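This report concerns only the one structure given below.
Along the sequence shown, the residues carry numbers beginning at 1. Everything numeric here is computed off the predicted structure, so don't read it as measured data.
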Amino acid sequence: MINLLLADDQALVRAGFRALLDAQPDMTVVAEAGDGAEAVRLSRELEPHVVLMDIRMPGTDGLTATRQMPDGPRVIILTTFELDEYVFEALRGGASGFLVKDTEPAELIQAVRVVAAGEALLSPSVTRRLIAEYASRAKEPQEAGRLAQLTDREREVLTLVGTGLTNDEIAARLFMSPATAKTHVSRTMAKLHARDRAQLVVFAYESGLVRPGWH
């Protein structure tokens with residue numbers, strides 16, 4: 001059973017999400033929060049698997065709350081615009097992905113399952129646009145020293161993850177099996193202490209491996 005916490009300042013929005021998610025045989029909404037501070041408090045108390053977090057809330061917003069989240073819950077950011085100015089910061093702060101609020105119900109349900117399973121919720125096209133749009137605002141490359149932990153092959157794989165390629169696309173590019181590509185991605189995540197693929201994408205350009213506008 002996937003335990004969920006809903007964080008949104010609009011009660012009607014929360015009610016809609018709750019009705020949809022509670023109807024799934026493998027999901028249950030354990031709590032609702034009207035602002036970010038309450039979301040953080042309830043996450044520490046109840047340890048949900050997934051938090052659906054509205055990025056714009058009065059008081060403590062979703063971005064601040066995502067940074068303050070305890071280890072364990074995975075955060076899906078809810079935003080009105082696909083390229084909200086805060087999305088990149090939310091990913092950097094620990095979110096596992098994001099959804100626009102008017103997404104189809106089936107997509108929302110699938111997204112929760114994907115994130116609960118430990119995968120990142122970032123389509124390759126959105127990843128590429130995020131990099132092009134926001135990486136130019138990032139500071140000078142940092143954390144390059146941590147790249148020393150990676151083998152040359154892992155560094156190649158990290159670069160391709162950062163440019164938005166899936167495991168299958170990485171496998172084709174590097175002439176390896178999808179299973180081998182997945183293993184390299186997993187090892188890279190472990191070495192960099194990345195929670196999921198979203199964190200790898202952020203690390204790839206914060207370390208200078210990927211530059212804005214690369215495709």
Test side chain to side chain contact (heavy atoms under 4.5 Å, CB included) applied to [X] - qualifying residues, sequence neighbours left out:
{"X": "Ala204", "value": "Leu158, Val210"}
{"X": "Glu156", "value": "Arg153, Leu174"}
{"X": "Gln110", "value": "Val114"}

Nearest non-hydrogen partners of [X] and [Y], listed with the distance:
{"X": "Pro58", "Y": "Asp9", "result": "CD-OD2, 3.4 Å"}
{"X": "Ala65", "Y": "Met53", "result": "CB-CE, 3.7 Å"}
{"X": "Ser96", "Y": "Arg74", "result": "OG-CB, 3.7 Å"}

| task | Applying side chain to side chain contact (heavy atoms under 4.5 Å, CB included), run through Thr60 and Val40 and close with a yes or a no. | result | CA-CA 10 Å; Thr60 304; Val40 173; 5.8 Å; no
Heavy-atom check, side chain of [X] versus side chain of [Y], under 4.5 Å:
{"X": "Leu150", "Y": "Leu147", "result": "yes"}
{"X": "Leu91", "Y": "Val201", "result": "no"}
{"X": "Phe17", "Y": "Leu78", "result": "yes"}
{"X": "Pro178", "Y": "Asp168", "result": "yes"}

| message | Applying salt bridge (charged side-chain N to carboxylate O under 4.0 Å, His left out) as the test, list every pair that has at least one member in residues 93-103; sequence neighbours left out. | response |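 The answer is Asp8-Lys101, Asp54-Lys101.
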| Pair listing, salt bridge (charged side-chain N to carboxylate O under 4.0 Å, His left out) test, anchored in residues 176-192, at least two apart | Glu154-Lys191
Donor-acceptor contacts, no H, no angles, side chain residues 24-36, under 3.5 Å, sequence neighbours left out:
residue, atom, partner, partner atom, Å
Gln24, NE2, Leu20, O, 3.1
Asp26, OD1, Arg113, NH2, 3.1
Asp26, OD2, Arg113, NE, 2.8
Glu32, OE1, Arg14, NE, 2.8
Glu32, OE2, Arg18, NE, 2.6
Glu32, OE2, Arg18, NH2, 3.4
Asp35, OD1, Ala37, N, 3.1
Asp35, OD1, Glu38, N, 2.8

Separation between [atom1] of [X] and [atom2] of [Y], rounded to the nearest 0.5 Å:
{"X": "Ile109", "Y": "Thr103", "atom1": "CD1", "atom2": "OG1", "value": "10.0 Å"}
{"X": "Leu63", "Y": "Arg56", "atom1": "CG", "atom2": "CZ", "value": "10.5 Å"}
{"X": "Thr163", "Y": "Leu209", "atom1": "OG1", "atom2": "CG", "value": "10.5 Å"}
{"X": "Ile170", "Y": "Met176", "atom1": "CD1", "atom2": "CE", "value": "8.5 Å"}
{"X": "Leu160", "Y": "Leu200", "atom1": "CG", "atom2": "CG", "value": "12.0 Å"}
{"X": "Ile77", "Y": "Ile55", "atom1": "CD1", "atom2": "CD1", "value": "4.5 Å"}

Kindly list each side-chain donor-acceptor pair under 3.5 angstrom involving residues 44-52, sequence neighbours excluded, with atom names and distances?
residue, atom, partner, partner atom, Å
Arg44, NH2, Gln68, O, 3.3
Glu45, OE1, Arg41, NH1, 3.4
His49, ND1, Asn3, N, 2.8

| message | The test is side chain to side chain contact (heavy atoms under 4.5 Å, CB included); show your working for Val161 and Arg197 and say whether it passes. | response | CA-CA 8 Å; Val161 170; Arg197 203 179 186 95; 3.9 Å; yes
| remark: With sequence neighbours left out, the residues meeting side chain to side chain donor-acceptor pair (under 3.5 Å) with Thr180 are Ser177
